[in-house]
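The structure appears right after this line, and notes come after that.
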Amino acid sequence: MRPRSRLAALGAVAVLTLAVIPVSAPAAKTISGHPVYLDARQPVERRVADLLSRMTLDDKIGQMTQAERTQVAGEPGRVTEWRLGSVLSGGGSVPSPNTPQAWVDMVNSLQRAALATPLKIPLLYGIDAVHGHGNAHGATLFPHNVGLGATRDPGLVRRVYQATAEEMRATGIPWNFAPCVCVSRDERWGRTYESFSESPGLVAEFGTAIDGLHDGHVLATVKHYAGDGDTENGTGDSGYAIDQGVTVTSRADFARIDLAPYVSAVSRHGVRSVMPSYSSVDWTEDGPGNPVKMHASQELITGTLKEELGFGGFVISDWEGIHQIPDPSGGPEPTAWQVRTGVTAGIDMFMEPTTAREFQQHLKEEVRAGRIPVARIDDAAGRILRVKFQLGLFENPYATLGGIGTAPHRALAREAVAKSQVLLKNDDRLLPLKPDATLYVAGRNADDIGNQAGGWTVDWQGRNGDTVPGATILDGIREVAPGATVTYSADASAPIGASDIGVVVVGETPYAEGFGDVGSPAWSRGSAQQKEPKLLTLQPSDKAVVDKVCDAAAACVVLLVSGRPQVITDQLGEIDALVASWLPGSEGAGVADVLFGRRPFTGRLSMSWPRSVAQVPVNVGDATYQPLYPYGWGLRTDGRGNAVDAAVERAAAGQAPAGWEKLLAEAELAAEAGDTTRADALLRQVSG
C-alpha cells in the first residue's frame, strides 16, 4: 500500500448489473434489553442482520471506506464524522516515536473515535506485514516468501506467520494485507520475492500462512486476485515495465496457474479477506486487445470468487485501486464512474487513503440516483460486519501492549533463514566451512542489514544500511565461528591471502513493486544504491568483487542476497560454492548456521534459475526447459537425502542424461500433485 504515479490505465471496463439479496431484518432486542448485535451469545448472521437494520446509508458507506492514518491520526474526530470502518498504515507510515506503545496508543485513539458513533461499530486497522511486522521498528523480520518457498515446509511457514500476527497484535493491529499467493512467472517482476513459487501447486501448499495469521488472531488477506505474477513484460501500468500489467491468458490456463491458490485459500484455509490486483486480464478466447482491470471485473470478483468459490468474507481494494479503472469522461479521481464500477464489480471496502470523503460522496450520490442498488450496499457492509463479529472486535475493540522482536521469534526467524538457503553448487564439498577457517569476507551485502531485509522494511521500497535491529551475515559469521580468522573488505580492496577462503556476499539492494521491475524507472526517493538499474545479472561492482576474490583466494563461496534468481552463468566457473540466500531478513546468523554446518543445507529452488537473461521468463512446465538450475534443485550437506537428492547429486556430478533438468522439475511437480509413482519413475531416469 503506497503512493503511486498515475499514467493512462489499460483496458476496457465491463459494467454489469448485480442483484444481491440484502441482509436485513427488523431491529430486535434480547431478553436483557440490549440490541441483538451487541449480544455475543447470538449467532453472527443474526447480529449482522440486526445491525444492518439499524444503520443509515451513511453508516453503511462508512463501513465500506478505508482511510490512511495520516488523514485521521491527528484528527480522530474524522473517524466519527465519516463513520469510517477501517484505517490503514501505508508502507513507512508510522507513529512517532515508532514504538509498540505509540502504535497501541494511536490505534486505541482511533478506536475510541469509532466507538463514539451512534451504533458503536469498531474500527478495523490494517497494515502490510509481508515478512514480519516490517513497519514497526524492532520487529522480527523473517525471510521474504521467495525464501520461505525454498524451505518446502508449510508447517514452518504457518509458525512464521503466527509469530508475525503476534507481533502485530502487540502493536494493536488485527488485520494483515498478506499473504501474497501470487504465482510469479517472470523473474523481471519486482514483486517476485513476495511469491512463494512459480508453481501454483506449491503456492497453494503455503496457504498455511493464512492459518498462521488466524492462529495469532489476525485477519489474513490473500492478494492480489488474480494473475498479478503472470503479466506480460512491457504491459505495465503507471510507468512500470511489468507490474500492474496485463495477463494475456485462456480461461483454462488462468484457472490452472493464477486462480488455483485462491481456490485453496477459500476452500481449505477459510480466508476472509481478498484484495484484487492492479493488473488486467485479457482472455485469448475472444482475441487479444480488450483487457479488463481486475478491480472492474464483475466476472471474476462476484462471479468466480463470491458465487462459484463461495467466498463469504469481504473484498478490499488495493491502494486507490479503482482510480486505474478507465473513465470515459475523466475528471478528478475517484470519479463517480470508477466508484460505481468498483462497487458493481463486487469490491466491498475501498482503500481511499487520501480521498475517503470524495469516495463517500460519490457512492452516496450513486445510490440515491438508483445506479447502485441498496442491496449491493447491504451486501458489502454485511460482509465487513460479519468479519468484525467473527474477529470479536465488538467484544474486545481495544488493543493491549505486547512485545516485538522477542527471543523465540528471532530464533524462529533464524531457523527459517537456515532452511531457506539453497546450495546451488558445492565443488569438492567446500561447504560446510571449518569453524577455524581463514576467511576473506567481501561484498556490499555482507554487512548491510537493510539490503538483506529487502523491500517492505521501514519504508515501502525498503532502505539499505543500518536500518533495523538484527544480525548481518558478517555478524552471523563472527558469532557462529568465533575461532575463524576473518578479514572483511566490502569492496575487496584489502589484501587477499593465497590460503584464504573467500566468502563473497553480493546481490540486490532493496526495492518493492513497480520500481523493482527490470526496466522500470528508479525510485526518486531511494538511495544511490537503490537507484541503480534493476538487472537480472549482478551489478558491475558486484561482478568485480566476485572476480577479484575468486581469482586470488584458495577457494571461493558466493552468496547471492536477492529477491529473485540472478544470472551468474558467466562467472560460475570461478566459483567453488554458490548459495541462493534470498532476502533473509533480520537474522543473518541463520545463513552462517548452514555455512559452518550447524544446520545442513536442505533448501530447494521454488523458482527455476535461468541460464541467461534471454531465457527469461523460464518456468517449470515450459515446452523447452533448460535452466541453469531447475525447479526443485538444491544440494544437501547432511548425507540424509532421498530420491530427489540422489538425482540432484548425479546431475551435479555431470552424470545425468540429456534433458535431466526437465525430468527433475517434472518429478517435483508430480510429487506436489501426489503422483509419487510418476515422480519416482522420472527421478530414476536422472539418477540411473
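Note that this is a predicted model, so its numbers are computed, not measured.
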* **Nearest-0.5 Å distance, NE2 of residue His144 to NE2 of residue His131** => 3.5 Å
* To do: Taking Arg152 for its side chain and Leu605 for its backbone only, find out whether a donor-acceptor pair lies under 3.5 Å.
  => yes
* Structure fact -> Paired with Val579, the side-chain contact (heavy atoms from CB on, under 4.5 Å) test is passed by just one of Val594, Leu423, Val422, namely Leu423
* **Contact summary for Pro291 and Val246, nearest pair of heavy atoms** => CB-CG1, 3.8 Å
* Of the non-hydrogen atoms in Phe206 and Leu148, which two are nearest, and what is the gap between them? -> CZ-O, 3.8 Å
* Structure fact -> From the list Val130, Asn176, Val218, side-chain contact (heavy atoms from CB on, under 4.5 Å) partner of Thr164 resolves to Asn176
* To do: Give the minimum heavy-atom separation between Asn464 and Thr467, together with the two atoms involved.
  => O-CG2, 3.6 Å
* Start with the C-alpha distance between Ser606 and Ser197, add both sets of side-chain angles, then the distance that settles side-chain hydrogen bond (donor to acceptor under 3.5 Å, both in side chains), and finish with yes or no. => CA-CA 5 Å; Ser606 60; Ser197 178; 4.7 Å; no
* Could you state the interatomic distance from CD1 (Ile242) to CZ (Arg191), rounded to the nearest 0.5 Å? -> 12.5 Å
* Asked: Distance-only, no hydrogens or angles: does the Gln452 side chain make a donor-acceptor pair with backbone N or O of Gly585 under 3.5 Å?
  -> yes
* Asked: Is there a donor-acceptor pair under 3.5 Å between the side chain of Tyr225 and the backbone N or O of Leu300?
  -> yes
* To do: Kindly give the heavy-atom pair with the smallest separation between Ser520 and Gly514, and that separation in Å.
  => OG-O, 2.9 Å
* Structure fact -> What one should report as the nearest heavy-atom pair of Ser608 and Tyr625 is OG-OH, 2.6 Å
* **Lys/Arg N to Asp/Glu carboxylate O, Lys223 vs Glu513, below 4.0 Å** => no
* More than 12 foreign heavy atoms under 6.0 Å from CG of Asp491: is that the case here? -> yes
* Asked: What's the verdict on side chain to side chain contact (heavy atoms under 4.5 Å, CB included) for Thr231 and Asp243, showing C-alpha distance, side-chain angles and the deciding distance?
  -> CA-CA 7 Å; Thr231 57; Asp243 193 51; over 6 Å; no
* Under-4.0 Å salt bridge between Asp153 and Lys419 -> yes
* To do: Report yes or no: do Asp447 and Thr472 form a side-chain donor-acceptor pair below 3.5 Å?
  => yes
* Just wondering, are more than 12 heavy atoms of other shown residues or ligands nearer than 6.0 Å to CD in Gln529? -> yes
* Structure fact -> Between Lys293 and Pro326, the two heavy atoms sitting closest are CG-CD, 4.4 Å
* Look only at the side chain of Gln461 and the backbone of Ala512, and say whether a donor-acceptor pair between them is shorter than 3.5 Å. => yes
* Specify whether Tyr629 and Trp609 have parallel, tilted or perpendicular ring planes, treating 30° as the upper limit for parallel and 60° as the lower limit for perpendicular. => perpendicular
* Structure fact -> When rounded to the nearest 0.5 Å, the distance separating CE of Met294 from OG1 of Thr247 is 6.5 Å
* Main-chain N/O of Val468 paired with His137 side-chain donor or acceptor, under 3.5 Å -> no
* Asked: Looking only at atom types and distance, does a side-chain atom of Gln571 sit under 3.5 Å from a main-chain N or O of Lys543, one as donor and one as acceptor?
  -> yes
* Is it true that a side-chain atom of Ser89 and a backbone atom of Val94 form a donor plus acceptor pair closer than 3.5 Å? -> no
* To do: Any chance you could lay out the side chain to side chain contact (heavy atoms under 4.5 Å, CB included) test for Thr221 and Trp175, step after step, and finish with the verdict?
  => CA-CA 8 Å; Thr221 302; Trp175 184 13; 2.7 Å; yes
* Could you tell me whether a side-chain N or O of Asp622 sits under 3.5 Å from a main-chain N or O of Asn619, the two making a donor and an acceptor? => yes
* Report yes or no: does Glu320 contribute a side-chain atom to a donor-acceptor pair with the main-chain N or O of Thr355 at less than 3.5 Å? => no
* Gly245 backbone acceptor or donor facing Tyr240 side chain under 3.5 Å -> no
* Can you list the steps and then say if Gln66 with Ser86 is a side-chain hydrogen bond (donor to acceptor under 3.5 Å, both in side chains)? -> CA-CA 5 Å; Gln66 183 182 68; Ser86 182; 2.8 Å; yes
* To do: Could you label the plane-to-plane angle of the Trp523 and Phe515 rings as parallel, tilted or perpendicular, counting under 30° as parallel and over 60° as perpendicular?
  => tilted
* **Atom pair CG/CG of Leu424 and Leu559 - distance to nearest 0.5 Å** => 10.5 Å
Side-chain donor-acceptor distances from residues 178-185 under 3.5 Å, at least two apart:
unit_1: Ser184; atom_1: OG; unit_2: Thr192; atom_2: OG1; d: 3.4
unit_1: Arg185; atom_1: NH1; unit_2: Glu198; atom_2: O; d: 2.7

* Structure fact -> In Arg410, Glu167, His409, the residue satisfying side-chain hydrogen bond (donor to acceptor under 3.5 Å, both in side chains) with Thr140 is Glu167
* Asked: Judged by modelled atom types alone, do Thr70 and Glu68 share a side-chain donor-acceptor pair under 3.5 Å?
  -> yes
* How far does CE of Met607 sit from OH of Tyr193, to the nearest 0.5 angstrom? -> 12.0 Å
* To do: Go through the steps for Lys534 and Asp517 under the test salt bridge (Lys or Arg N to Asp or Glu O under 4.0 Å), then give the verdict.
  => CA-CA 7 Å; Lys534 301 299 179 287; Asp517 291 358; over 6 Å; no
* Between CD1 on residue Ile449 and CG on residue Asp475, distance to nearest 0.5 Å -> 7.5 Å
* Check the pair Trp103 / Asn98 against side-chain hydrogen bond (donor to acceptor under 3.5 Å, both in side chains), numbers first and verdict last. => CA-CA 7 Å; Trp103 280 99; Asn98 187 354; 2.9 Å; yes
